[in-house]
There are 2 protein chains.
Amino acid sequence: MVAQAQRHSGHEHPRPRSAAVVDDIVGQLSDRGYRDTEPRRLVISAVAAQGRPFTAEELCASLPCVGRATVYRGLRLLVETDQVCRVLLEDRELRYQLSHQGHHHHLLCAVCGASADLEGCDVEDMLREAATAAGFRMSGHWLEVYGRCGECAEG
Amino acid sequence: MVAQAQRHSGHEHPRPRSAAVVDDIVGQLSDRGYRDTEPRRLVISAVAAQGRPFTAEELCASLPCVGRATVYRGLRLLVETDQVCRVLLEDRELRYQLSHQGHHHHLLCAVCGASADLEGCDVEDMLREAATAAGFRMSGHWLEVYGRCGECAEG
DNA sequence: ACAGAATTGATACCAAATATCATATGTACA
DNA sequence: TGTACATATGATATTTGGTATCAATTCTGT
Ligand SMILES: [Mn+2]
Ligand SMILES: [Mn+2]
Ligand SMILES: [Zn+2]
Ligand SMILES: [Zn+2]
């Protein structure tokens, strides 16, 4: 059974102790040898403040005091360390959001941009089997699911 | 059961009667009101000549006598009319290949770039169910499967 | 043929992202 | 507590992939 997990929508309440989230992520990075810098904290803080999937450019716009290159680098680092996951919209626009760890996929609302995680990827076995049947050895997959969230489906 | 379909690899023999493929596609386009033009035929012919997923830029390079805009427009038209399908690599590079009709997904070899179609998308029901459980109404999905083809898996 | 719509392609333009590289800053350690 | 030096930053230039313009050309139906 695929279970619904964290919802990311503009309607939810502000994340409790956003500073704690930042400290946690900075800590994880420190453990891996990455420095604790002011611009980095600003990027992480801005990421944590987003209510729904955001673009790199949106993040840049919300961080006028941080260089563009630094924002992009920070985002890449966060993705590489699994702190942030990438979300691909139907029009191929790339967005990001805080990761809730582990391999999972996204339900994306085409109307309001909200997303929900589909944790526990049950398609995995089916895909591996199909890949084997085709003579392939599967190493991974990418899946995004598009539709309308409950609110946007009404009307 | 997900079945293996057409293989697209550099190792296969040249497609028989490539001209027939072009005529067929031009015919389909004509039926929909699109004109039979020389540049269009050149684009279709080049598409049909590819042995594996190709980028728009690669196609442009192989068609120095056709304008870039025309190549892009031709490719877009072929995608819109389901003659060609889009393939997304792990690094987000967008490629194209002749479509074997209907909704399906791709098995992509990370080593040699070969692809195989997974026809009959059995994940559909599972995803719709999961989406419903999360309060979404699913309208579509995008799935790519990565790995190694039989040849590249050896060694 | 002809008219008129569709198509083309040179060019300009745009957005997203990366490469450069001189400067600034964090961290380990003497 | 200072210092050395690797790491990180950010202004800027560049690259990549793709779209908008628009005058000229080419199809297609009559
Ligand atoms: Mn996610
Ligand atoms: Mn395909
Ligand atoms: Zn919505
Ligand atoms: Zn291969």
Side-chain angles (χ1 to χ4, degrees), chain A residues 22-23 25-47 50 53-81 83-97, chain B residues 22-23 25-47 50 53-81 83-97:
Chain A
V22 176
D23 284 341
I25 293 178
V26 168
Q28 307 245 84
L29 293 180
S30 278
D31 293 345
R32 307 202 202 195
Y34 297 102
R35 292 183 179 174
D36 178 359
T37 70
E38 185 61 16
R40 201 110 88 185
R41 292 190 95 99
L42 287 172
V43 168
I44 296 167
S45 179
V47 165
Q50 304 293 319
F54 55 90
T55 64
E57 290 301 321
E58 282 168 5
L59 206 63
C60 287
S62 78
L63 289 167
C65 321
V66 178
R68 258 171 64 82
T70 300
V71 171
Y72 273 89
R73 280 188 291 238
L75 223 29
R76 184 168 57 217
L77 180 61
L78 291 172
V79 169
E80 281 168 0
T81 58
Q83 309 288 342
V84 160
C85 51
R86 307 199 309 173
V87 177
L88 197 59
L89 269 47
E90 279 187 290
D91 63 1
R92 259 191 6 115
E93 183 181 66
L94 182 60
R95 289 180 170 264
Y96 301 85
Q97 65 179 33
Chain B
V22 176
D23 284 342
I25 294 179
V26 169
Q28 307 244 85
L29 293 180
S30 277
D31 292 346
R32 306 202 203 194
Y34 296 103
R35 292 183 178 173
D36 176 0
T37 71
E38 184 60 16
R40 200 109 89 186
R41 292 189 94 99
L42 286 171
V43 169
I44 295 169
S45 177
V47 165
Q50 304 293 320
F54 55 91
T55 65
E57 291 301 322
E58 283 169 4
L59 207 62
C60 287
S62 77
L63 289 167
C65 321
V66 179
R68 239 167 71 85
T70 300
V71 172
Y72 273 90
R73 280 187 293 236
L75 223 29
R76 184 167 58 216
L77 180 60
L78 292 172
V79 169
E80 281 168 0
T81 58
Q83 310 288 343
V84 160
C85 51
R86 306 199 309 173
V87 178
L88 197 60
L89 268 48
E90 279 188 290
D91 64 0
R92 240 175 41 96
E93 183 181 65
L94 182 61
R95 290 180 170 263
Y96 300 85
Q97 65 179 31

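As a whole-Å value, the separation of A:L29 CG from C:dT27 P is 11 Å. Here the P atom of nucleotide C:dT8 and the CG atom of B:D36 are 10 Å apart, to the nearest Å. Atom CG in B:L75 sits roughly 13 Å away from atom P in C:dT8 (whole-Å rounding). In this structure, B:R92 atom CZ and C:dA15 atom C1' are separated by 12 Å, rounded to whole Å. Atom pair B:D91:CG and C:dA16:P shows a separation of 19 Å (rounding to whole Å applied). A:L59 places its CG atom 13 Å from the P atom of C:dA16, with the value rounded to the nearest Å.
Checked against salt bridge (charged side-chain N to carboxylate O under 4.0 Å, His left out), B:E80 has no partners two or more places apart in sequence or in another chain. Considering only residues two or more places apart in sequence or on other chains, B:R41 meets the side-chain hydrogen bond (donor to acceptor under 3.5 Å, both in side chains) condition with B:D23, B:D36. The side-chain contact (heavy atoms from CB on, under 4.5 Å) search around B:D91 returns B:L89, B:E93, not counting sequence neighbours. Take B:R86 and apply the side-chain contact (heavy atoms from CB on, under 4.5 Å) test, not counting sequence neighbours, and it matches A:R92, B:V79, B:L94, B:Y96, B:W142. Scanning for salt bridge (charged side-chain N to carboxylate O under 4.0 Å, His left out) contacts around A:R68 gives A:E57, with sequence neighbours left out. For B:L42, the side-chain contact (heavy atoms from CB on, under 4.5 Å) partners two or more places apart in sequence, or in a different chain, are B:E38, B:L63, B:V66. B:E90 is linked by a salt bridge (charged side-chain N to carboxylate O under 4.0 Å, His left out) to nothing, counting only residues two or more places apart in sequence or in another chain.
Within a 6.0 Å radius of OH in A:Y34, no more than 12 heavy atoms belonging to other residues, nucleotides or ligands are found.
Between B:R40 and C:dA6 there is no side-chain N or O to OP1 or OP2 distance below 4.0 Å.
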_B/S/- contact track for nucleotides 9-14 of chain C, protein heavy atom under 4.0 Å_ = BB----
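First and last contacting nucleotides of DNA chain D toward chain A (any atom under 4.0 angstrom from a heavy atom, 5' to 3' order): D:dA6 to D:dG18.
Over its full length, the helix from C:dA1-D:dT30 to C:dA30-D:dT1 turns its helical axis through 40°, comparing axes from the five pairs at each end and rounding to 10°.
Remark on DNA chain D: of its neighbouring residues A:E38 and B:E93, the 5'-side contact belongs to A:E38, judged by nearest-heavy-atom nucleotide.
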